[in-house]
Every structure is written in structure tokens, then in C-alpha cells.
Amino acid sequence: MRQVYLDYSATTPVKKEVLEEMLPYFSEKFGNPSSLYGIGLNAKSDLNQARAKVAKLIGAEEREIYFTSCGTEADNWAIIGTARAKKAKGNHIITSKIEHHALLHSCEFLEKEGFEVTYLDVDSKGLISLADLEHAITDKTILISIMFANNEIGTIQPIKEIGEIAKKHGIWFHTDAVQALYNVPIHVTELGIDMMSMSAHKIYGPKGIGALYIKKGVVISSFMNGGAQENKRRAGTENMPGIIGLGKAAELAEANMEEHIRHISELRDYFADQILSKISEVEINGSMEHRLPGNINFIFNYIEGESLLLLMDAKGISASTGSACSSASLAPSHVLKALQLPYEKIHSSIRFTIGDDTTKEDIDYAVEEIVKIVEKLRAISPIYKQSTKG
Ligand code: PLP
């Protein structure tokens, strides 16, 4: 049976070139970068080359990149590290209601320690209001953390404008760019970003490795205690194969970004046109104008998303009802809830994300099968029958 993977926001396959570059670091190039002899020194030099590649992709300096174990750790570190470092100045953080749980749960953790958090609303398209942001700032605000692009509905926030507001008020600005990296050109200094989270497995690198960009001059507390790795800011022997993989994925991302964005946006638009023209009562969640190029999130009215997902899986098509991290739970997505969608529409929503390996044939196959499945499910849906009776 044909397999059509349409869940590239959950994770991406490791590119062949990335894997090839990683493999020697499991065996012959096994040195510890902290060792002061040949293979250790070579490892240190390779480590810093990977760091330089990540820095180049986002317009940063090599010393501003700190490797972490994943995007989640980068988010935790930015939020909790800032809170601890800036406690004397204030205890207020501003974020949004549609952040990833890595961010939201870090904020909830800090609330229990006495910090105050403002969770900004988003409009029906999934965008924050800059006026609301500015209005929320107090003299106790120490951090603004707004995600670059959302993992479920793909909306891209006005990052440059947020950076300007943060700068005007002398507040640090962190953004979670786990989904945006490789899908949107990013230049951290032009965008006024002070800290930015990244993850390798969303850009065709390995799982279990991420990075936090920390602008020079921004000093946050560390929470991994131990050795002097990562310029004494993030202890722990470096995950060399992972770091080399992230570096290679970043290098390829930089070289291929234009073609990648063109390819996935063309297929996404084709997919959306096909679904909207062949199936009635379908809506799109989130802004089409400010959106990740490979993301589309449909509401298939009168259908239970989980049923659609299972029947698609039986035809070899993979997609997702929520973000990868929360799809194991049936709790309604906090992102779709923030759009003020009624419960039924939340449960009829499915996210599809297109990637480098997706072809037009994949999309044609997926459309053909989805049309049949939707017809079948609506034929047994009492609410659909009721609605068509008017
Ligand atoms: N932030 C966003 C927006 C994500 O989509 C994800 C993963 O889905 C993460 C953070 C967490 O990254 P990681 O899986 O590397 O921990």
C-alpha cells in the first residue's frame, strides 16, 4: 500500500547526507570535546563548526549558539533561566495562549514560584494583537515570549514588531522557532530577537538535539549543573552525533531553503484547493496570509477527526489531530480552543504538513482517499444528515 506521510511538523526523516555525516561520531570519531589530546581536540573543532553552521542559518554569531537536548529544553531554559536571572527586576512574563506546552508548562511552573504570567489571546486567525501586548507590559515585565510559528495552525506572528516593542521597553524577547526554522528566513538581529529555540528533528536532522540562541549580553541562569561545556552555561558531555547532525541539517537548510519553501507551499496550495473544491463544508483554521508554507489545518464539519485519522491511516496516510506531543490525549487542543472554535469544530480539525519528500502524486492519492472517507463518515453521521435536511 502507498504510504503518504503528511505530518512533517511532528517530525522529519533524517536526510541521507545528515546521517552520513553523523555516523563516524558514533565510532572512529568518538572523542570527548573536553579532552586535551588529538581526538578530543578534533571533536571540539567539529563541534564548533556545527555551531557556526547553525549560527549562519539564523544570522547569529557562533558563540551565541548553545546546544541543548531538544527544543523543549531550549524553551524551558529560556523561560526559567530568564525568570531566575531577572528576579530582582521583576516577576512578570508575557506569552500567548497558543504556545507549545514546553513553554506553557514552564510558565505554569513559574507561577507556582510566585511569578505572574499574562497569556495573550489570539484573534480568530490565530494572531496576537500588538496593542494587547503593549498594554500588558508593566514595570515588572522581564520577558516576552511569543512563538515564531504555531505547530498546529501554522500562523506566523509579527515577530519584527514584537521585537521592536520589547526593545522599546527594555524587555528581553524570546521566540520558539522550532516550527519556523527552515520554513521562514530568519535573521535574529534584524528581527530583534534576544533568545530563540530550535530543534533538529523538524529540519531533517536527528531527534534529541536542539539549540538555544542567546544574544551576546543576555545572561540567563543555567539549570544543568556540572562541567564547563557550552561556555560554562549548559553542562553535560556534548551529544556529538546529534550536534554534527544538527549542523549538517542547518547547512542544508540554508542552501535549500528557497526551493524547499517553493515546493511545499505549491503542494500545500494545490492540496487545499483540491480538498475545498471536492468536499463540501470544509473550513481552514488559521490565517492563510501569515502561515507556514507546508501547513494546512482543515475543519471537516460533521466528522470526528479521530475517525478520519484512523481511516486515513488504514490507507497509509499519516496526519495529526493536534500537535504531536498532545495527540495521545483526547483533550481539545488549547490552540484551537484559543481560536474560540466550538467543541465540535475542534474535534473535526486535522492538521496536514507537507515536506521535502512529498510529491504531487502523494497529494492526489491523499485527496482521492480523503474524499471517499469523508463521504463514508458523513453517510453515517446523524448530525450531517440533520444539517442536510436543513
Ligand atoms: N516548540 C514547538 C513549536 C514544537 O512544535 C515542538 C515539537 O513539536 C517543540 C517546541 C519541542 O521540540 P522537541 O520535540 O525538540 O522537544
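Fair warning: this is a prediction, and the values are worked out from it, not measured in the lab. Every number for a ligand or one of its atoms is a count from 1 in the order of the listing. FYI, the numbering just counts along the sequence from 1.
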Q) Got an N/O contact under 3.5 Å between G71 and ligand 1? A) yes

Q. Can you check whether N225's main-chain N or O pairs, donor with acceptor, with R234's side chain at less than 3.5 Å?
A. no

Q: Check each atom of ligand 1 against the heavy atoms of S199 and keep those under 4.0 Å away; list them by number with element.
A: 13 (P), 15 (O)

Q: Measure from NZ or CZ of R378 to the centre of the six-membered ring of Y384, then state whether that distance is under 6.0 Å and the direction lies within 45° of the axis.
A: yes

**Q.** Where ligand 1 meets N151 - atom numbers and elements under 4.0 angstrom, heavy-atom basis
**A.** 3 (C), 5 (O)

(Q) I'd like to know whether ligand 1 has K202 as a neighbour, heavy-atom separation below 4.0 Å. (A) yes

Q | Member of K15, R262, K16 meeting the salt bridge (Lys or Arg N to Asp or Glu O under 4.0 Å) criterion with D356 | A | K15

(Q) I need the atoms of ligand 1 closer than 4.0 Å to a non-hydrogen atom of Q179, numbered in the order shown. (A) 3 (C), 4 (C), 5 (O)

Q. What about the rings of F298 and F271, do their centers lie closer together than 6.0 Å?
A. yes

**Q.** The one among T68, T72, T11 that brings a heavy atom closest to atom 16 (O) of ligand 1
**A.** T72

Q: Find all atoms of ligand 1 within a distance of less than 4.0 Å from any non-hydrogen atom belonging to M147, and give their numbers and elements.
A: 3 (C)

Q) So, does H169 use its side chain to make a donor-acceptor pair with the main chain of T141 at under 3.5 Å? A) no

Q.
I need the contact type for A102 against ligand 1. Using non-hydrogen atoms and a strict under-4.0 Å cut-off, is it side chain, backbone, both or neither?
A. neither

Q. Are E164 and K167 within salt-bridge range, i.e. N to O under 4.0 Å?
A. no

(Q) Below a 4.0 angstrom heavy-atom separation, can you tell me which part of V178, side chain or backbone, both or neither, approaches ligand 1? (A) side chain

**Q.** Working for ring-ring contact (aromatic ring centres under 6.0 Å, His included), residues H260 and Y182
**A.** CA-CA 8 Å; H260 162 77; Y182 188 31; 3.7 Å; yes

Q. Just heavy atoms, cut-off under 4.0 Å: does E73 contact ligand 1 by side chain, backbone, both, or neither?
A. neither

Q. With backbone taken as N, CA, C and O and side chain as the heavy atoms from C-beta onward, which portion of D75 lies under 4.0 Å from ligand 1: side chain, backbone, both, or neither?
A. side chain

Q. Charged N to carboxylate O under 4.0 angstrom, R84 versus E113?
A. yes

Q) Relative to the heavy atoms of H201, which atoms of ligand 1 are at a distance of less than 4.0 Å? A) 13 (P), 14 (O), 15 (O)

